[in-house]
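Read the structure below first, then the notes.
First the proteins, then the strands, lettered A, B, ... as listed; each starts at 1.
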Amino acid sequence: MSGKTHAVLLVLTMGAVTQLLRFLPFAVFSKGTPKPVLYLGRVLPAATMAMLVVYCLKNMAFSALGAWVPEAIAVALVVGLHKWKHNTLLSIVGGTAAYMLLVQLVFQT
Amino acid sequence: MKKTLRYSFLATLPVMAGYLVLGMGFGILLYDKGYPCWWAVFMSVGIYAGSMQYVGAELMAAGTGLLPAALMTLMVNARHLFYGVSMVDKYRGMGKAKPYLIYALTDETYSLVCDAVLPEGVDRKGYYVLVSLLDQCYWILGSFLGGLLGSALTISTAGIDFSMTALFVVIVVEQWEKARTHVPAVLGFGISALCLVLFGADRFLIPSMLAISALLLVLRPRLEGKEGDK
């Protein structure tokens, strides 16, 4: 089996599992949504987004400066920029550019 | 219809910013791994999940087995289960559009549909469909452009995946400013950080989601009625 054929199968596998996860709740709760599930529907978004930020930063470590300082600075910059201008493009591009500069030029790992 | 179109487009502008940058980052990364731009489009339609596509690029380059890849996808994307739970009621009655809406439920699209308060005259179904469709178009375009650009770039793209972190941080900031109670957000941060320490970077998502959901349910008597926006 060639490498590229395997890669196609990988993509299809990852796609299938992803779709399974997305469709499952709709299949399970098709007859009506219980009240606790409705409540979760209202409170989960904020909790989930917070968890996703932690997920993005999961490889941070305090073992070396380069393993946490770029992230800390860049996240602070994103928050600061966003509270200042409320412009998503600016916040994302500014934070990403800062992070890339720090990681490539200042804290080469 | 025009009002719905305009409102939906405006709502997706933050995601457009994020997806174009993030998508290009993905396209460039994938190109660097030896997969030209049409592979990026294939993955953006076949998988359509940003963070998993980034991970997928690594898995493909390493020739990882199908079963480990499936388990990895389960772990990374398990949160999509919770998106579905949040949307079961809101997507009821969406008719023929429903399968597409579910298929397209990514992190960013979820952030736009999960607590959407729509003004007078904006059609809910139209909003859901347009937002989902536009987001996917941005993503496909970004990843395709990234793949194209990858062959032309000489500068290093190390760190470009931070754009995903940046997008999520922006969303958290905006949710925080609008929320009446910060308990869900604080719980989300605290529990996932704790689980990260306890279970390690590769295994903390599922325990986090279970613990977060359990704790939120325990707190339901105190929180119900107080959730939502100011």
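- Closest non-hydrogen pair, His6(A) versus Gly63(B), comes out as NE2-O, 3.6 Å.
- Comparing Val173(B), Leu59(B), Leu66(B) by heavy-atom pairs within less than 4.5 Å of chain A, the highest count is held by Leu66(B).
- Heavy-atom neighbours of chain A within the stretch residues 86-99 of chain B, taken at a separation under 4.5 angstrom, comprise Ser86(B), Met87(B), Val88(B), Asp89(B), Lys90(B), Tyr91(B), Arg92(B), Lys98(B), Pro99(B).
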Give the intermediate values and the outcome of side chain to side chain donor-acceptor pair (under 3.5 Å) for residues His82(A) and Glu177(B). CA-CA 11 Å; His82(A) 205 67; Glu177(B) 287 175 347; over 6 Å; no

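- Atoms OG1 and CD1, on Thr48(A) and Ile212(B) in that order, are 6.5 Å from each other to the nearest 0.5 Å.
- In this structure, OH on Tyr103(B) lies 10.0 Å from CZ on Phe23(A), to the nearest 0.5 angstrom.
- Shown are Leu205(B), Leu196(B), Ile191(B), Leu187(B); of these, the side chain to side chain contact (heavy atoms under 4.5 Å, CB included) with Met51(A) is made only by Leu205(B).
- Within a 6.0 Å sphere centred on CH2 of Trp84(A), other residues, nucleotides and ligands contribute 12 heavy atoms or fewer.
- Distance CH2/Trp39(B) to NZ/Lys4(A): 6.5 Å, rounded to 0.5 Å.
- The most heavy-atom pairs under 4.5 Å with chain A, out of Phe162(B), Phe42(B), Phe189(B), come from Phe162(B).
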In sequence, state the C-alpha distance, the side-chain angles, and the governing distance for Glu224(B) and Lys35(A), and then conclude on side-chain contact (heavy atoms from CB on, under 4.5 Å). CA-CA 11 Å; Glu224(B) 195 149 41; Lys35(A) 280 216 187 127; 5.6 Å; no

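- Among Leu102(A), Val28(A), Leu24(A), Leu52(A), the residue with the largest count of heavy-atom pairs under 4.5 Å with chain B is Leu52(A).
- Between chain A and the options Ile171(B), Val45(B), Thr165(B), heavy-atom pairs under 4.5 Å are most frequent for Thr165(B).
- Within residues 24-33 of chain B, no residue has any heavy atom closer than 4.5 Å to a heavy atom of chain A.
- For the options Pro25(A), Ala7(A), Ser91(A), heavy-atom pairs under 4.5 Å to chain B are most numerous at Pro25(A).
- Atom CG of residue Leu81(B) and atom CZ of residue Arg22(A) lie 11.0 Å apart, to the nearest 0.5 angstrom.
- The minimum heavy-atom distance linking Ala201(B) with Asn59(A) is given by the pair CB-OD1, 3.9 Å.
- Nearest heavy atoms, Ile92(A) versus Ala166(B): CA-CB, 3.9 Å.
- Among Gly200(B), Ala70(B), Gly190(B), Ala69(B), the residue making the largest number of heavy-atom pairs under 4.5 Å with chain A is Ala70(B).
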Check the pair Val54(A) / Phe204(B) against side-chain contact (heavy atoms from CB on, under 4.5 Å), numbers first and verdict last. CA-CA 10 Å; Val54(A) 173; Phe204(B) 81 103; 4.0 Å; yes

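- Both the backbone and the side chain of Leu167(B) have a heavy atom closer than 4.5 Å to some heavy atom of chain A.
- Of the two parts of Thr18(A), the backbone and the side chain both hold a non-hydrogen atom closer than 4.5 Å to a non-hydrogen atom of chain B.
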Under the side-chain contact (heavy atoms from CB on, under 4.5 Å) rule, what do Tyr39(A) and Leu217(B) come out as? Steps first, then yes or no, please. CA-CA 8 Å; Tyr39(A) 157 77; Leu217(B) 283 170; 4.2 Å; yes

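- A pairwise comparison of heavy atoms in Leu44(A) and Ser213(B) identifies CD2-OG, 4.0 Å as the closest pair.
- Listed here is the closest heavy atom pair of Val43(A) and Pro184(B): O-CB, 3.5 Å.
- Proximity to chain A is limited to the side chain of Val21(B), based on heavy atoms less than 4.5 angstrom apart.
- Among the candidates Leu20(B), Leu219(B), Val170(B), the residue making the largest number of heavy-atom pairs closer than 4.5 Å to chain A is Val170(B).
- Of the listed residues (Val85(B), Ile102(B), Thr73(B)), the greatest number of heavy-atom pairs within a distance under 4.5 Å of chain A belongs to Ile102(B).
- Both the backbone and the side chain of Phe29(A) come within less than 4.5 Å of a heavy atom of chain B.
- One finds the OG atom of Ser208(B) at 12.0 Å from the OH atom of Tyr55(A) (value rounded to the nearest 0.5 Å).
- Of all heavy-atom pairs between Ala47(A) and Leu216(B), the closest is CB-CD1, 4.2 Å.
- Rounding to the nearest 0.5 Å gives a distance of 12.5 Å between CG of Leu20(A) and NE2 of His80(B).
- When side chains are defined from C-beta on, Leu13(B) does not count as touching Thr88(A), because their heavy atoms never get closer than 4.5 Å.
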